[in-house]
Amino acid sequence: MQIAATYDPEGFKDRGFVQAISEEGDAAGQPRAVADLEAEIGTLEAASAPDAPDHPRWIWPATADLAPALLRRGVRVDRCHDLALTEALLVAYEGRCGAPRSLGAAWARLHGLPVPPDRAEGTLEAPADNPTTQPALFEPDRSGLPPDADPLRAVREVHAEQLRRIAATEHPGRFRLLVAAESAAALAAAEMAHHGLPWRADVHGEILAEILGPRPVDGSPPRAMAAATAELAAALGVRALNPDSAPQVTKAFADVGVKLPSLRRWDLEKIDHPAIPLLLKYKELSRLYSFNGWVWRDTWVVAGRFRPEYTVGGVVTGRWAARGGGALQIARRLRKAVIADPGWVFVAADAAQLEPRILAAMAQDPGMAEATQSDDMYAALAGVFEGSRDQAKLGLLGAMYGQTGGGAAAPLALMRRRFPKATALLDEAAREGERGRLVRSHLGRTCPPPSERWQSAIAGDAEADAADDSNRRSGQVARARGRFTRNFVIQATAAEWAEVLLALLRQRLRRLDGAQLVFFQHDEVLVHVPKEHAAAAAGMIGECAALAGRLVFGPGPVRFPMSVHSVECYGDAK
DNA sequence: GAGTGGAGCGCC
DNA sequence: AAAGGGCGCTCCACTC
């Protein structure tokens with residue numbers, strides 16, 4: 001059963017409307033005003049089992065606006081159709097990537113009215129002392145609907161129109177799966193933000209103290225950083241130096257006769273001078289201090305949980321973005337602070353070599369598909385690449401990233417010869433990009449059109465006097481676009497496979513009392529679960545990975561193995 | 001003093 | 001001759 005649901009944009013926070021609608025998107029019941037929309041949703045969710053045929057699928061403006069409030073009240077929703085996320089997928093498919101996606105925008109487009117811009121998402125505030133703080137009585141309305149519009153009717157109309165547009169895509173079944181997975185992912189993201197990632201502030205503090213020294217009381221740099229700065233200055237023969245200042249560092253090295261091509265670690269490591277290791281040491285310490293130091297811990301770890309906010313579809317390729325605390329860049333050495341509650345464990349799973357497997361499945365390349373039978377594709381292909389696993393990895397990754405030169409040249413040539421179908425798929429995507437065309441993932445997520453810079457570089461090509469220079473530049477811009485589209489088809493399809501996996505896993509984990517999804521990072525998932533359920537959760541992850549492969553690509557030979565570990569500490573997972 | 005852009009790092 | 005995709009975050013330098 002599908003139920004349209006929306007807050008009353010005019011009313012108190014909790015007021016809203018619901019109405020049953022048919023599979024085709026038509027009204028199938030009377031609209032009802034309810035005094036407490038969240039309670040109403042909870043009641044209807046609880047009225048039937050999740051796998052019952054009449055269990056609700058909520059058609060609503062935006063999961064990100066509704067799900068947090070529902071979770072605060074203990075309401076867990078099973079399925080939804082997120083109109084804003086779907087609208088974003090559809091406008092991108094139709095070549096208008098980035099067009100406003102709110103319910104109000106979609107409704108205005110439908111009626112030929114001026115389209116309001118999306119309301120900027122508020123910047124994420126550091127969490128308050130009490131993470132369950134009640135929201136304000138009036139929530140700002142983000143729907144973008146004009147005040148005189150009937151919100152329920154807008155939901156109904158936009159939904160019906162979206163169903164029509166989905167049916168008009170080249171592969172409607174695939175697109176429907178994409179919409180379902182994206183909507184389920186939004187529910188999962190809200191749940192993860194609600195649960196938070198277990199984080200031991202005391203263990204974090206021990207790591208910092210060990211590496212940086214005691215916490216400074218006055219905002220001065222910690223002991224180890226001050227020492228590294230002093231040693232660096234001494235080695236360069238200067239009295240004082242700010243190692244974070246590129247001009248100062250460049251000049252100090254120049255004064256001792258060393259020309260630095262850049263301050264990147266990669267470039268610095270090639271230079272033989274006693275001050276270089278000191279500079280690298282400083283950069284390492286400084287990164288920890290400024291990015292994940294005491295200030296970070298005190299800001300983001302509240303009541304034993306790290307609570308970032310995830311943005312589903314926040315990246316053009318369909319990967320999630322995260323705001324707050326750099327959630328998708330948790331440094332490896334800090335994962336020691338991610339420790340399960342007493343009696344609980346993490347079941348940590350990551351998809352092994354996901355992107356080459358995605359390529360094998362998309363391209364239906366028999367040689368690559370054969371290699372996916374192994375848990376280590378690169379090792380399985382070493383024979384093809386003159387016995388070297390490293391060369392196999394270089395060839396596969398280089399082909400997907402658009403690398404051409406350097407050490408990758410030889411393995412890329414082998415890749416081209418031995419896996420022609422896979423190479424052809426990538427080359428085709430790159431060619432389309434270089435011509436300014438759009439490319440799509442397997443399920444239909446579509447890349448943005450070329451930037452203005454790209455357009456003007458190509459256009460400027462014809463007019464420029466210095467034709468050589470201009471040609472070279474426009475060629476560079478076109479090739480950069482080609483590398484983007486080449487990678488897009490793989491990264492975007494990998495992201496949708498991962499979202500399908502997440503959607504399946506989220507459903508299945510309901511059977512395990514207490515199990516919580518607490519972290520998701522592109523191809524990796526962390527489940528926090530009572531110890532006695534760890535084996536069951538691990539089994540579910542493997543099953544869901546295999547099922548995700550069949551749902552996205554249909555039956556086929558490509559394997560998607562997961563590497564799964566039950567650990568008390570995330571740092572022990574790999 | 002606030003805002004912007006680039007450099008650089010580290011996660012996938 | 002060389003030519004690697006996506007992000008978030010922090011720093012500095014620079015501009016207004």
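Each chain gets a letter, A, B and so on, in the order the sequences are listed, and its residues count up from 1.
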Per-nt protein contacts along nucleotides 4-10 of chain C (heavy atom under 4.0 Å; B base, S backbone sugar-phosphate only, - none) come out as BBBSBBS
Not counting sequence neighbours, list each pair that qualifies as a salt bridge (Lys or Arg N to Asp or Glu O under 4.0 Å) and has a residue in residues 328-340 of chain A.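 Every salt bridge (Lys or Arg N to Asp or Glu O under 4.0 Å) pair that includes a residue of residues 328-340 of chain A, provided the two are not neighbours, is E284(A)-R333(A).
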Tell me which pairs pass salt bridge (Lys or Arg N to Asp or Glu O under 4.0 Å) where either residue lies in residues 401-421 of chain A, with sequence neighbours left out.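 Found R416(A)-D427(A).
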Do L504(A) and L551(A) touch side chain to side chain, with heavy atoms closer than 4.5 Å?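 The answer is yes; the side chains approach within 4.5 Å.
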Find out whether F519(A) and F306(A) are in side-chain contact, i.e. whether some heavy atom of one side chain is under 4.5 Å from a heavy atom of the other.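 No; the side chains remain at least 4.5 Å from each other.
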Gap between atoms CH2 and P, on W266(A) and dA2(C) respectively (whole Å):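 Going from W266(A) (CH2) to dA2(C) (P), I get 15 Å.
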Would you mind reading off the distance between R486(A) atom CZ and dA3(C) atom C1', rounded to a whole angstrom? 12 Å
List the steps and the verdict of side chain to side chain contact (heavy atoms under 4.5 Å, CB included) for L236(A) and H273(A). CA-CA 10 Å; L236(A) 290 168; H273(A) 186 278; 4.2 Å; yes
If you measure only the distance, is there a donor-acceptor pair under 3.5 Å linking the side chains of R440(A) and T446(A)? yes
Under 4.0 Å, counting only non-hydrogen atoms across every strand here, what does [X] touch: a base, just sugar-phosphate, or nothing?
X: R335(A); value: sugar-phosphate
X: S262(A); value: sugar-phosphate
X: N242(A); value: sugar-phosphate

Could you tell me from which nucleotide to which nucleotide of DNA chain B, 5' to 3', there is an atom under 4.0 Å from chain A heavy atoms? dG8(B) to dC12(B)
For side-chain hydrogen bond (donor to acceptor under 3.5 Å, both in side chains), just list the numbers for D390(A) and S388(A), CA-CA rounded to whole Å, side-chain angles, deciding distance to a tenth of an Å, and then say yes or no. CA-CA 5 Å; D390(A) 284 351; S388(A) 162; 5.3 Å; no
Could you label the plane-to-plane angle of the W294(A) and Y289(A) rings as parallel, tilted or perpendicular, counting under 30° as parallel and over 60° as perpendicular?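 Judged by the thresholds at 30° and 60°, the geometry between W294(A) and Y289(A) is perpendicular.
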Is there a donor-acceptor pair closer than 3.5 Å between any side-chain N or O of R265(A) and the backbone N or O of L280(A)?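 A pair under 3.5 Å: no.
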Identify whether the distance between the nearest side-chain nitrogen and carboxylate oxygen of D523(A) and R357(A) falls below 4.0 Å. no
Can you list the residues that meet the ring pair (Phe, Tyr, Trp, His ring centres under 6.0 Å) rule with H442(A), with sequence neighbours excluded? F553(A)
Near DNA chain C, which residues from residues 227-237 of chain A have a heavy atom under 4.0 Å away? none
